[in-house]
Engineer: 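Questions regarding the structure given below will be posed in turn.
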Protein chains: 2
Amino acid sequence: MARFKPVKQFRVSEEVAEQIKKSILQGTFRAGDRLPSERDLTEEFQVSRMAIREALRSLEKSGFIVTRQGVNGGAYVTDLTSEHLVNAYMDLFLAEKISIPDLYQVRLVVEPEVARLAANNLNEGYKKRLLEALEQEDLPVQDFYEDNDRKTAVHFILAEMSRNYFFEALVRSLIALTRRVIEEVRAENKFIHPAGMHRPVVEAILTGDGEAAYEAMKKHVKEFGENLIKLEKAYYQKKITSLSS
Amino acid sequence: MARFKPVKQFRVSEEVAEQIKKSILQGTFRAGDRLPSERDLTEEFQVSRMAIREALRSLEKSGFIVTRQGVNGGAYVTDLTSEHLVNAYMDLFLAEKISIPDLYQVRLVVEPEVARLAANNLNEGYKKRLLEALEQEDLPVQDFYEDNDRKTAVHFILAEMSRNYFFEALVRSLIALTRRVIEEVRAENKFIHPAGMHRPVVEAILTGDGEAAYEAMKKHVKEFGENLIKLEKAYYQKKITSLSS
DNA sequence: TTATGTAAAACATTATACCATTAATCTGAT
DNA sequence: ATCAGATTAATGGTATAATGTTTTACATAA
């Protein structure tokens, strides 16, 4: 009966990445700190520079560090964001594991709840930001992408107002996927995003009435989502022609 | 104004990774296929083996390929799973961006909805699997981790039954984080997971009544979540002592 | 038939050299 | 004294080659 444990083989680079990651999570290195240079790490870990580099690439890919070239360059510890989580969702979406109706179904559950929490956490600062975002939404702009930025701003503010980072990261992912669909087909924003679309939602939030906010958001997501699903066919026709990371 | 686009500097390895990823998403390579060997890719891309390796590590890290050593080894395309998404959530959790109350709040919203969908998609196959899982839940076992496996099985089946991969990936993430908390403190499962805890949920699902399933799951998550939050302090004491990838 | 040894394919790692980028420093003219 | 431009040094980026390690398939002998 299993007298010996199998000799587990780690890749050298993984062992290195593991140790560095642990240091970061333990607080030995904090956001903004610079890790030792690749050459110095080579000596500390007693492995080749290649192994160090692979480890750093791995940490970079999971969002723990960024690297810069040049004097005073190196690997800098970052404050972990939801960006890489969003990328993971994006990959599943691009691989067609997640469909547009899936996306819509989740938004319909998550975003009203986020709106409710946001209404409950309302304060003057948030109020000001929401009104500003709403005001800027319907200003005429040239650039398609900038327009999308403005149309999504309200959702991000509400996500932040939920004071729940899981929800915030989730909303960021949902909006990123939605936005991809729109940008893929370059949908006319007038159609998909009629002027003033978010006004009822914001107004409900501003009353501080969670239930009203919930309902207003639900109505918004429903309307928007139905338009979005109509675009599904157009999306699948143009898909794959240009893929982002 | 902007007449010229800036000459964007990609790392060679990123350019390579991008091209391979695009091939996979376009279906040039399918799950199970083997990519050319590193040396062959070196010739195709006309870059060093280093660059190829970094690209492959990157793709491996995002879950698109696995690599094996030896004869007939190489980089094999995989069917993308939610595993790496779960890792991204785990990192945010370990970095204390996501708290246990955050986690609970999201579960309370997501899982009842998943239960509702599951009830609506009920069929004989699912029925059988649910009953089996329920039966195995309270069998006495030696191993702590195996016990946790059994206690989470019902949630995974329901997630699958939702027939929405976004929800499924989300539930997998939520359960993984929850499980981490439990395993970190090695909570007595009798306390946190009383025998028969999932029975009311499964029974509601089996009636096919979405609304009943919704309510039953809500009640379950609430009870369980309250116990979980009581463990929060214990969790933060033992944290960081052992970090997984 | 069944071990056991051997070879080959492929990734894993190391080592070394050189290239490219960047911030700081120096230098000199105004 | 100040500012522009050149120089320098640190650091990551890339390339190449050699060697180590793992795994499978196959041959060989008991």
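Values reported hereafter were calculated over all heavy atoms of this structure, with side chains retained and with hydrogens, waters and symmetry mates removed.
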Engineer: Among the nucleotides D:dT11, D:dT14, C:dC11, which one has an atom lying closest to any side-chain atom of B:Arg53?
Structural biologist: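 Nearest to the side-chain atoms of B:Arg53, counting from C-beta on, is C:dC11.
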Engineer: Under 4.0 Å between any heavy atoms, over every strand shown, what does B:Arg68 touch: base, sugar-phosphate, or nothing? Just pick one.
Structural biologist: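 Sugar-phosphate contact only - B:Arg68 comes under 4.0 Å of backbone atoms but never of a base.
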Engineer: Could you walk me through whether A:Arg129 and A:Glu160 pass salt bridge (charged side-chain N to carboxylate O under 4.0 Å, His left out), step by step?
Structural biologist: CA-CA 11 Å; A:Arg129 284 172 63 193; A:Glu160 190 184 331; 2.9 Å; yes
Engineer: Starting from C1' on D:dT11, measure out to CG on A:Asn72 and report it in whole angstrom.
Structural biologist: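 Taking CG of A:Asn72 and C1' of D:dT11, I get 9 Å after rounding.
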Engineer: Identify, between A:Leu56 and A:Met50, the residue whose nearest nucleotide on DNA chain D lies closer to the 5' end.
Structural biologist: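 That would be A:Leu56.
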Engineer: Looking at D:dT14, I'd like to know if its phosphate oxygens (OP1 or OP2) sit under 4.0 Å from a side-chain N or O belonging to B:Ser48.
Structural biologist: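 Checking D:dT14 against B:Ser48, no side-chain N or O comes under 4.0 Å of OP1 or OP2.
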Engineer: Among residues 35-44 of chain B, which contact DNA chain D at a heavy-atom distance under 4.0 Å?
Structural biologist: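 Under 4.0 Å from DNA chain D: no residue of residues 35-44 of chain B.
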Engineer: Using whole Å, report how far CD of B:Glu60 lies from P of C:dA10.
Structural biologist: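 So the CD-P distance, B:Glu60 to C:dA10, works out to 17 Å.
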Engineer: How are the rings of A:His198 and A:His155 set relative to one another: parallel (under 30°), tilted (30 to 60°) or perpendicular (over 60°)?
Structural biologist: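 Perpendicular: the ring planes of A:His198 and A:His155 meet at over 60°.
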Engineer: Give the C-alpha distance, both sets of side-chain angles, the deciding distance and a yes or no for ring pair (Phe, Tyr, Trp, His ring centres under 6.0 Å) between B:Phe93 and A:Phe166.
Structural biologist: CA-CA 9 Å; B:Phe93 188 63; A:Phe166 200 121; 9.1 Å; no
Engineer: I want to confirm an ordering. Mapping B:Gly70 and A:Val71 to their closest nucleotides on DNA chain D, which one lands closer to the 5' end?
Structural biologist: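 It is A:Val71, whose closest nucleotide lies nearer the 5' terminus.
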Engineer: Between A:Lys61 and B:Ser58, is there a side-chain heavy-atom distance shorter than 4.5 Å?
Structural biologist: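 The answer is yes, as the side chains (C-beta and beyond) meet within the 4.5 Å cut-off.
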Engineer: From the options C:dA20, D:dT21, D:dA15, select the nucleotide whose nearest atom is closest to the side chain of B:Val12.
Structural biologist: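 In terms of side-chain proximity for B:Val12, the closest of C:dA20, D:dT21, D:dA15 is D:dA15.
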Engineer: Among D:dG13, D:dA10, C:dC11, which nucleotide has an atom closest to any side-chain atom of B:Thr67?
Structural biologist: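 The closest nucleotide is C:dC11.
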Engineer: Indicate whether any N or O donor in one side chain lies under 3.5 Å from an N or O acceptor in the other, for B:Glu60 and B:Thr67.
Structural biologist: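 Note: B:Glu60 and B:Thr67 side chains meet the donor-acceptor criterion.
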Engineer: Nearest whole angstrom, please: distance from the P of C:dT14 to the CD of A:Glu54.
Structural biologist: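 Rounding to the nearest Å, CD of A:Glu54 and P of C:dT14 are 10 Å apart.
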Engineer: So, the side chain of A:Glu15 versus the backbone of A:Val12: is there a donor-acceptor pair under 3.5 Å, distance only?
Structural biologist: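 Here the side-chain-to-backbone pair does not exist.
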Engineer: Starting at atom CZ of A:Arg49, determine the distance to atom C1' of C:dT16, rounded to an integer number of angstrom.
Structural biologist: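 Answer to the nearest Å: 11 Å.
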Engineer: Is any side-chain nitrogen or oxygen of B:Arg57 closer than 4.0 Å to OP1 or OP2 of C:dA12?
Structural biologist: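 It does, given that an N or O in the side chain of B:Arg57 lies less than 4.0 Å from OP1 or OP2 of C:dA12.
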Engineer: Choose from C:dT21, D:dG20, D:dA15 the nucleotide whose nearest atom is closest to any side-chain atom of A:Gln69.
Structural biologist: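 Per side-chain heavy atoms of A:Gln69, the pick is C:dT21.
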Engineer: Any side-chain N or O of B:Arg34 less than 4.0 Å from the OP1 or OP2 oxygen of C:dA10?
Structural biologist: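 True: B:Arg34 side-chain N/O within range (under 4.0 Å) of C:dA10 OP1/OP2.
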Engineer: Between D:dA15 atom P and B:Ile52 atom CD1, what is the distance in whole Å?
Structural biologist: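 Interatomic distance, CD1 of B:Ile52 to P of D:dA15: 9 Å.
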Engineer: Looking at D:dG12, does its base get a donor-acceptor pair with the side chain of B:Arg11 below 3.5 Å?
Structural biologist: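 By the distance-only test, no, there is no pair.
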Engineer: In whole angstrom, what separates B:Gln46's CD from D:dT16's C1'?
Structural biologist: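 Result: 14 Å.
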Engineer: Does B:Glu111 have any salt bridge (Lys or Arg N to Asp or Glu O under 4.0 Å) partners at least two apart in sequence or in another chain, and if so, which?
Structural biologist: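 So B:Glu111 forms a salt bridge (Lys or Arg N to Asp or Glu O under 4.0 Å) with B:Arg107.
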